[in-house]
Amino acid sequence: MGEFRMLRLGEQIRDEISQMILREQIKDPRVSTFLSVNRVEVSRDLSYARVFVSSFLPESKIKTGIEGLQSAAGFIQSSIAKKLTIRQFPRLTFVLDESMKAGFEMVRKLTRLEKEEAGENEKADE
C-alpha cells in the first residue's frame with residue numbers, strides 16, 4: 001500500500017476513534033472524553049496500528065484511560081471496520097503520547113525565560 005494511502009487510513013482511523021470518544025460510544029468508565037487521539041501509525045502490511053493518545057489529565061488517569069481503550073479495542077476495531085471498506089483492518093494498540101505535555105512544558109519554560117530576560121533588561125536600563 002502506498003505511503004499516502006497509509007497516512008490517509010491513519011487519519012481516518014484517528015477521526016473515527018476521536019468521534020467515538022467524544023460521543024461516549026465506548027462504554028468503559030475509564031475512558032474519559034478528555035482523551036485526545038494525536039496520530040495513528042499504520043504498519044505497511046496493515047496488520048497493526050499504533051494509536052497515540054494524550055491529554056492534560058494527570059498521567060495516572062491517562063494510563064487508566066488507555067487501559068480502557070485497549071480493553072475496548074475489539075469493539076472499536078469492529079465499529080470502524082464496518083464504516084471503512086478495506087480488506088484487512090489493523091489490530092489497534094493504544095500508546096501514551098507525551099509530546100503534547102512536552103510541548104506545553106516547553107512553551108511554559110520559554111515564557112518564563114522571556115519574563116526573566118525582560119526583568120534583566122529593565123534592571124540594565126536603570
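Predicted model only: the values in this text are computed from it and were never measured.
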Do [X] and [Y] have side chains that get closer than 4.5 Å, going by heavy atoms?
| X | Y | value |
| --- | --- | --- |
| Ser36 | Ser55 | no |
| Ser99 | Asn38 | yes |
| Ser32 | Lys61 | no |
| Val53 | Leu69 | yes |
| Met20 | Ser79 | yes |
| Pro90 | Ile13 | yes |
| Ser54 | Ile62 | no |
| Leu110 | Val107 | no |

Interatomic distance, [X] atom [atom1] to [Y] atom [atom2] [nearest 0.5 angstrom]:
| X | Y | atom1 | atom2 | result |
| --- | --- | --- | --- | --- |
| Lys82 | Gln77 | NZ | CD | 12.5 Å |
| Arg50 | Ser43 | CZ | OG | 11.0 Å |
| Leu22 | Ile17 | CG | CD1 | 12.0 Å |
| Arg5 | Ile86 | CZ | CD1 | 9.5 Å |
| Thr111 | Met106 | OG1 | CE | 11.5 Å |
| Leu96 | Glu67 | CG | CD | 11.0 Å |

(request) Ignoring hydrogens and angles, state whether a donor on the side chain of Thr33 or Arg23 is under 3.5 Å from an acceptor on the partner side chain. (result) no

(message) Determine whether the aromatic ring centres of residues Phe52 and Phe94 are separated by less than 6.0 angstrom.
(response) no

Contact summary for [X] and [Y], nearest pair of heavy atoms:
| X | Y | value |
| --- | --- | --- |
| Val37 | Ser18 | CB-OG, 3.7 Å |
| Val31 | Gly65 | CG2-O, 3.9 Å |
| Ala49 | Val40 | CB-CG1, 4.0 Å |

(message) Run the salt bridge (charged side-chain N to carboxylate O under 4.0 Å, His left out) test on Arg39 and Glu41 for me, step by step, so that the C-alpha distance in whole Å, both residues' side-chain angles and the decisive distance to 0.1 Å come before the verdict.
(response) CA-CA 7 Å; Arg39 69 182 191 275; Glu41 292 178 355; 3.4 Å; yes

(message) Same cluster or not: Val51 versus Leu7, using hydrophobic residues (I, L, V, M, F, W, Y) connected whenever any side-chain heavy atoms lie under 4.5 Å apart?
(response) no

(message) Does Ile76 form a side chain to side chain contact (heavy atoms under 4.5 Å, CB included) with Leu92? I'd like the steps, not just the answer.
(response) CA-CA 8 Å; Ile76 296 169; Leu92 301 176; 3.7 Å; yes

(request) Take Ile21 and Ile26 through the side chain to side chain contact (heavy atoms under 4.5 Å, CB included) test and state the conclusion after the steps. (result) CA-CA 6 Å; Ile21 292 172; Ile26 302 167; 4.0 Å; yes

(request) Step through the shown structure and confirm whether more than 12 heavy atoms of other residues, nucleotides or ligands are within 6.0 Å of CZ on Phe4. (result) no

Quick test of your reading of the model: are [X] and [Y] salt-bridged, counting only N-O distances below 4.0 Å?
| X | Y | result |
| --- | --- | --- |
| Lys63 | Glu59 | yes |
| Arg14 | Glu16 | no |
| Glu11 | Arg8 | no |

(request) Show your reasoning for whether side chain to side chain contact (heavy atoms under 4.5 Å, CB included) applies to Met6 and Glu3. (result) CA-CA 5 Å; Met6 287 189 337; Glu3 188 71 27; 3.9 Å; yes

(request) Give the C-alpha distance, both sets of side-chain angles, the deciding distance and a yes or no for side chain to side chain contact (heavy atoms under 4.5 Å, CB included) between Leu84 and Leu9. (result) CA-CA 9 Å; Leu84 303 179; Leu9 176 62; 3.9 Å; yes

